[in-house]
There are 2 protein chains.
Amino acid sequence: MKLTSKGRYAVMALVDMARFDNINPVSLRDISLRQGISLDYLEQIFSKLRKKEIVQSVRGTQGGYVLNKKAREIKLTNIFDAVDEKVKTVQCKKESKKGCNGKATKCLTHNLWDELENHINNFFDQKSLEDLVKDNSERRI
Amino acid sequence: MKLTSKGRYAVMALVDMARFDNINPVSLRDISLRQGISLDYLEQIFSKLRKKEIVQSVRGTQGGYVLNKKAREIKLTNIFDAVDEKVKTVQCKKESKKGCNGKATKCLTHNLWDELENHINNFFDQKSLEDLVKDNSERRI
DNA sequence: TAGATACTTGACTATTTTAGTCAGGTTTAT
DNA sequence: ATAAACCTGACTAAAATAGTCAAGTATCTA
Ligand code: FES
Ligand code: FES
């Protein structure tokens, strides 16, 4: 089970942004340099974040991105959702009545994985961008 | 973030085994048929489980595998550990002093991912094979 | 003691996913 | 005008996953 770079970068970039005043746009170039993430890759990621209205773009020189909501209102869940970083523990299709074995009943471990998925998603539901910025600044002191 | 089939199958197979008396060995062929998992793949998985002493093998006709410990004492953590299903959320090497960005400090989100990893591992530490068998039989009533 | 059952081992491979790259745009401040 | 920065879609190398395959060895039973 591992976290992909796309998800990790999305959060990393947004924490980077959230540390500023949220008035002046932050350019991807700057984020790229500060965080060591490929600019082209960041562009893909921010395109998704924009579509899900997590950030707003400002085009042209001096442009960049700004947060579209208060940092407190942006949860990890929202970010992961935007970039298609999903937690997937079961093998079967959840809606389907069939199990991962193709049989008519769910497999022996289906409920376990479902629990696990909830357990992980709870974590993501609780953490906001604000928490992350705070955490980080507090630790620097 | 997703769970791999190897990990899922390992647990599935062990739950299947744990439902029996633990005296007569259970053959992989039976598990394969009951759970719809490739026999060859199961063999790879059980080879690892045996090396980590989660199961014991009985060769020859009527052979198979038996649990090597009480179901209560086998935690998900042990199983995942045995089959190399590891939770990996950070990108950097944990022991290293360097961050994932190659810089001398850990990145902005390192602590977050570390927390996440603990959160997930807690779940695995708590669940035992016994719990899973119980859960399952209780739900059948 | 022959044959069947079942574990044992190691190498090999197709498929999928990931983590980007690349090439071309468009918009806007100065 | 020109440069900074966003925007878009297609493409690709590398890694991981999910197996398969082949050739054993051990043990029970008839
Ligand atoms: S994971 Fe849902 S049926 Fe097996
Ligand atoms: S994940 Fe550890 S430094 Fe970024």
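Residue numbers start from 1 in every chain, and the chains themselves are labelled A, B, ... in the order their sequence lines are given, proteins ahead of strands.
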(request) Please confirm whether any donor atom in the side chain of A:Arg59 sits under 3.5 Å from an acceptor in the base of C:dT26, or the reverse. (result) yes

(request) Please report, rounded to the nearest Å, how far the P atom of D:dA18 is from the NZ atom of A:Lys88. (result) 10 Å

(request) Tell me what A:Tyr65 touches on the nucleic acid: a base, only sugar-phosphate, or nothing, going by heavy atoms under 4.0 Å. (result) sugar-phosphate

(request) Map B:Tyr9 and A:Val26 onto DNA chain D by nearest heavy atom, then report which one ends up closer to the 5' terminus. (result) A:Val26

(request) Please determine, for the side chain of A:Glu43, which listed nucleotide (C:dA6, D:dC7, D:dT17) has the closest atom? (result) D:dC7

(message) So, does B:Ser27 get its side chain near the phosphate of C:dC7, meaning an N or O under 4.0 Å from OP1 or OP2?
(response) no

(request) Calculate the interatomic distance between B:Asp40 atom CG and D:dA23 atom P; express it in whole Å. (result) 14 Å

(request) Round to the nearest Å and state the distance from B:Gln91 atom CD to C:dT18 atom P. (result) 14 Å

(request) Tell me which of A:Gly60 and A:Lys6 sits closer to the 5' end of DNA chain C, going by the nucleotide each one is nearest to. (result) A:Lys6

(request) Using a strict cut-off of less than 4.0 Å between a Lys/Arg side-chain nitrogen and an Asp/Glu carboxylate oxygen, indicate whether A:Glu115 and B:Lys127 qualify as a salt bridge. (result) yes

(request) State plainly whether the residues B:Asp114 and B:Lys94 are in salt-bridge range, i.e. N to O under 4.0 Å. (result) yes

(message) If you compare every side-chain N and O of A:Ser5 against the phosphate oxygens of C:dA19 (OP1, OP2), does one of them come in below 4.0 Å?
(response) yes

(message) To check you understand the geometry: which heavy-atom pair defines the closest contact between B:Phe46 and B:Ala13, and what is its length?
(response) CE1-CB, 3.6 Å

(request) Whole angstrom is fine here: how far is it from CG in A:Leu33 over to P in D:dA5? (result) 10 Å

(request) Could you state the atom-to-atom distance from CE of B:Met1 to P of C:dA19 in whole Å? (result) 12 Å

(request) For the residue pair B:Asp16 and B:Gln35, confirm or rule out a side-chain donor-acceptor distance under 3.5 Å. (result) yes

(message) So if I take every side-chain heavy atom of B:Gln44 and compare against C:dA11, D:dC7, C:dT9, which nucleotide ends up nearest?
(response) C:dA11

(message) Is it true that B:Gln91 and A:Ser5 share a donor-acceptor pair across their side chains at a distance under 3.5 Å?
(response) yes

(message) Less than 4.0 angstrom between a side-chain N/O of B:Ser57 and OP1 or OP2 of C:dA6, yes or no?
(response) no

(request) Answer with base, sugar-phosphate or nothing: what part of the nucleic acid does A:Lys2 contact at a heavy-atom distance below 4.0 Å? (result) sugar-phosphate

(request) Grab the CG-C1' distance between A:Leu28 and D:dT8 for me, whole Å please. (result) 14 Å

(message) Output the rounded distance in Å from CG (B:Asp84) to C1' (D:dT17).
(response) 13 Å

(request) By nearest nucleotide on DNA chain C, pick out whichever of B:Phe46 and A:Leu3 is the more 5' one. (result) B:Phe46

(message) Measure CG/A:Leu39 against C1'/C:dC22 and give the value in whole Å, please.
(response) 12 Å

(message) Nearest to the side chain of B:Ser38, heavy atoms from C-beta on, is which of D:dT27, C:dC7, D:dT20?
(response) D:dT20

(request) Say whether, by atom type as modelled, one donor and one acceptor occur between the side chain of B:Asn78 and the main chain of B:Ile74 under 3.5 angstrom. (result) no

(request) Give a yes/no on whether any side-chain N or O of A:Arg50 is located under 4.0 angstrom from OP1 or OP2 of D:dT8. (result) yes

